[in-house]
Amino acid sequence: MSKISQITRRDISNKAKAASSIRQILGSLSAVVQGIAEVRNEYGSGHGKDSQFKGLQPRHAKLAVGAASTLAIYLLETHEMRKES
């Protein structure tokens with residue numbers, strides 16, 4: 001994530017209010033990407049699962065989609081903001 005978008009925890013100035021909390025959230029977003037990739041590997045249909053395979057429960061799928069949506073919106077808004085600067 002941070003290599004593509006150049007968004008890292010170091011981008012947050014120490015002078016920003018709640019800088020450590022913002023850095024923590026950005027670090028957690030990186031973990032979201034890793035977690036979604038791992039869930040996809042275990043539960044995705046792209047790895048030749050047999051006919052008895054059961055996927056995620058809807059609540060788990062919604063968690064992954066919600067987290068990915070939040071991340072995507074943040075990245076898009078950051079990109080748009082940087083284009084305007």
Side-chain angles (χ1 to χ4, degrees):
M1 174 180 75
S2 43
K3 288 181 182 177
I4 294 171
S5 61
Q6 297 299 311
I7 299 170
T8 66
R9 294 186 290 173
R10 292 181 300 243
D11 292 335
I12 307 302
S13 166
N14 285 330
K15 295 178 183 178
K17 290 183 179 181
S20 64
S21 297
I22 294 169
R23 286 188 192 103
Q24 182 180 9
I25 292 168
L26 287 173
S28 297
L29 288 176
S30 178
V32 164
V33 173
Q34 180 66 33
I36 289 173
E38 291 173 9
V39 166
R40 189 257 178 225
N41 286 338
E42 290 295 321
Y43 292 100
S45 61
H47 290 287
K49 306 287 192 255
D50 65 25
S51 63
Q52 302 299 317
F53 176 74
K54 294 191 180 197
L56 291 176
Q57 293 179 6
R59 66 188 181 104
H60 294 120
K62 289 175 186 174
L63 174 65
V65 169
S69 297
T70 298
L71 176 58
I73 290 167
Y74 176 77
L75 293 173
L76 180 61
E77 288 178 352
T78 299
H79 176 71
E80 292 297 320
M81 179 192 74
R82 289 179 175 179
K83 278 187 357 184
E84 293 172 3
S85 307

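Leu56 contributes atom CG, which lies 9.5 Å from atom CG of Leu63 (distance to the nearest 0.5 angstrom). If you take CG on Leu76 and CG on Leu71, they are separated by 11.0 Å, rounding to the nearest 0.5 Å. Residue Ile73 holds its CD1 atom at 11.5 Å from OG1 of Thr78, rounded to the nearest 0.5 Å.
Sorted by first and then second residue, the pairs that involve residues 61-80 and meet salt bridge (charged side-chain N to carboxylate O under 4.0 Å, His left out), not counting sequence neighbours, are Glu80-Lys83.
Connection of Leu29 to Val33 is established within a shared hydrophobic cluster, with ILVMFWY side chains joined at heavy-atom distances below 4.5 Å, either directly or through further cluster members.
Of all the heavy atoms in Ile36 and Ala64, the pair that sits closest is CD1-O, 3.7 Å.
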